[in-house]
> 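Here it is: the structure, laid out below.
Positions are given from 1, in the same order as the sequence printed here.
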Amino acid sequence: MPLTIGVPREVFAGEKRVATVPEIVEKLIKLGFAVTVESGAGEAASFDDAAYRAAGAQIAPDAPALWSAADLVFKVRAPTPAEIGLMKPGTTLVSFVWPAQNPELMQQLAARKVTVLAIDSLPRTLSRAQKMDALTSMASISGYRAVIEAANAFGRFFNGQVTAAGKIPPARVFVAGAGVAGLAAIGTAANLGAIVRANDTRAEVADQVVSLGGEFVKVDYEEEGSGGGGYAKVMSEGFQQAQREMYARQAKEADIIITTALIPGKPAPRLITAEMVRSMKPGSVIVDMAGEQGGNCELTEPGASVVRHGVTIIGYTDLPSRLARQASTLYASNLLRLAEELCKAKDGTIDVNFDDEAIRGLTVIRDGTVTWPPPPPKAAATPAQPKPAGAAPAPAKKSGHGHGGGEAASGTTLAAMFGVAGVLFWLIGAFAPASFLAHFTVFVLACFIGYMVIWNVTPALHTPLMSVTNAISSIIAVGALIQVAPPLGGMTAERPSGWILGLAVLALALTAINMFGGFAVTRRMLAMFRK
C-alpha cells in the first residue's frame, strides 16, 4: 500500500523553511507516494496552501491530523517532545537530528518505535550521496547570507571606488574556515569587490580559495588538518597557538571577519578572542556562523546581533531560514533524491536498505533500535599486510647470468628497447628517402615533447591544455592546403594523386574541428574561473 508523506509546519522559533515545495510534491506523487501538508506549513517561505493543492497534495488542518496520517515525515528541524508524542509507532522520520548533540532526543524517538533518518549524518565522502547532501545545500546558502548580513551592518561599500568626493578603499574580508559555507562567503565577497583572505586547517582547499578570488593565508606551522568525512579535525596546541597569532594579525587589518569553523560532535572552537575584537577598527563586523554551536568568537551571543568595543558581532543561528524560499527548494530537492533511493520501485513504499552505505549512514534509529553511530566506511582497497617480525626476506630473482636482481632485469629491458629502436632507425635511414627520415625524426621528437608536457601538468588542467594543443597542432592544415592547392604559376610540380588529394581534404575537415572546437572548449573552461 502506498505510504503517505507528511510535511508538518515547523514550530521552532523563527524557522521559516518547509521540508518540501509544490514543484517537488508533483515528483513525489510520481514515485507513488501520497503527500499531505499541514495548513500554513509553507507560508513563511511564500508557498501557500493553494499551490500545494494544485500540485496534488492534501492539506491537513492541524498538526495532530498531519502526524496521524503520515507514514513518512519530512521535516527541517528536529521534532519537539510535543511532536514526538504525536508520532505513531512505525513512522519514518527524515530531518536534521544531530544525534551526537542530542542523546535525550534519540532516546525519546527510540521509545516511540520509529525509524529516523538524520539528513545531517549522510556520509559526505560518497560521490553518489552528493545529490542528497542537505548540509552542503544549507551551508552554501549560509555563506552567501553571511556576506549579505555583513554588508548590511558594514558602513561602507565593499568595492573600492574613485569619486569626485575622494577615493574609497575596498573592504577587507577575512574568512576563517574554507568549507562549503566559507567558500560560498569567499565567492560572494569577492564578487562584491572586497579584498578577501581566508584560512583553513586543510591545506588542500588553498587552490579553491584562490579560484574564487581570495588569498589563502597559511599558518606558520606544519600540520595536516583533514579529519575525514569532509570535516576538519582538532589541531594540536602548537598549531592552535600559531593560528591564534595569525588571526590576531588579520583582525587588526580586516574590516569584516566571517567565521565558519565547526567540528562534528564538539563545541565550536574559539578562534576570535575578546582581545582580537578590541584590536579591530571601530565599525568592523564579525559574522559568527558557528553561533548555534556556541560560536567561534568569544563575545558572540547566539541568535543575536550585538556591538562590543565598537564591533558589530552577528551570531544569527537562522541564516538559511533568512532565504527561506531558496533554502526550502534546495532542501526539498535533497529529500526527493533520498526518496528516490528509498523507493527505487516507484511504488510508494520504502526500503531502508542497510547494504547501501549512504542509507546505513543516514539511519540513526531503526524500528526503535538506536543504530548510530554507523560502522566505519568500507576501505577502498585492502592494505598490504606487514611482514611478521623475524620473517626471512624473499630471495632475489636472478638474471640469466646469475648476477643482479630486479634492477638488473629492468636495466636489461631498457637497453634492449633502445637497441631495437636503434635498429629501426637504421633501417629507416638506410632504405627510406632522405625527406621522409627528416619528417619522421621531427615526428618522434614531437611525440616525446608532447608526452613530457602532458605528464608534467596537473590533471585539473588537462582539458584546457589538450584543447589548446589540438588547435595548435592543427598546423597540419598548412600541409593539407599545399596538397589541395594547384601548383603556382611557373612551377612544374606534379598534381597529387586522387587518394592523396582525398586524404588532404579529410585532414582539412578534421583539423578545422580541432581548431574551432579546441579554442571554444578552452574559452568555456577558462570562463569558469573568471569573476
> Charged N to carboxylate O under 4.0 angstrom, Lys27 versus Glu340?
no
> Evaluate the side-chain proximity of Gln243 to Leu271: yes if any heavy-atom separation is below 4.5 Å, no if none is.
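Leu271 reaches Gln243 side chain to side chain.
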> Please report the closest heavy-atom contact between Phe96 and Leu135, naming both atoms and the distance.
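Reported closest heavy-atom pair: CE2-CD2, 3.7 Å.
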> Side-chain contact test, heavy atoms from C-beta onward, threshold under 4.5 Å: evaluate it for Asp255 versus Val285 and give yes or no.
no
> Between Ala118 and Val364, which heavy-atom pair has the shortest distance, and what is it?
CB-CG1, 3.8 Å
> Does any non-hydrogen side-chain atom of Leu109 lie less than 4.5 Å from one of Pro79?
yes
> Counting heavy atoms not belonging to Gln108, are there more than 12 under 6.0 Å from its CD?
yes
> Hey, are Thr136 and Asp133 close enough side-chain-wise for a donor-acceptor pair under 3.5 Å?
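There is such a pair between these side chains.
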> Could you tell me if the side chain of Val18 sits less than 4.5 Å from the side chain of Val76, heavy atoms only?
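No, every pair of side-chain atoms sits at 4.5 Å or beyond.
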> Is the side chain of Lys281 donor-acceptor paired with the backbone N or O of Glu253 at a distance under 3.5 Å, no angle test?
yes
> Taking the six-membered ring for Trp, are Phe158 and Phe154 parallel (under 30°), tilted (30 to 60°) or perpendicular (over 60°)?
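Correct class here is perpendicular.
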> Side-chain donor-acceptor pair under 3.5 Å between Thr273 and Arg244, yes or no?
no
> Look up atom CD1 in Ile272 and atom CD1 in Ile257, then write down how far apart they are to the nearest 0.5 Å.
4.5 Å
> Just distance, no hydrogens or angles: give the donor-acceptor pairs under 3.5 Å from side chains in residues 162-187, sequence neighbours left out.
| unit_1 | atom_1 | unit_2 | atom_2 | d |
| --- | --- | --- | --- | --- |
| Thr163 | OG1 | Ala165 | N | 3.2 |
| Thr163 | OG1 | Gly166 | N | 3.3 |
| Thr163 | OG1 | Gly166 | O | 2.9 |

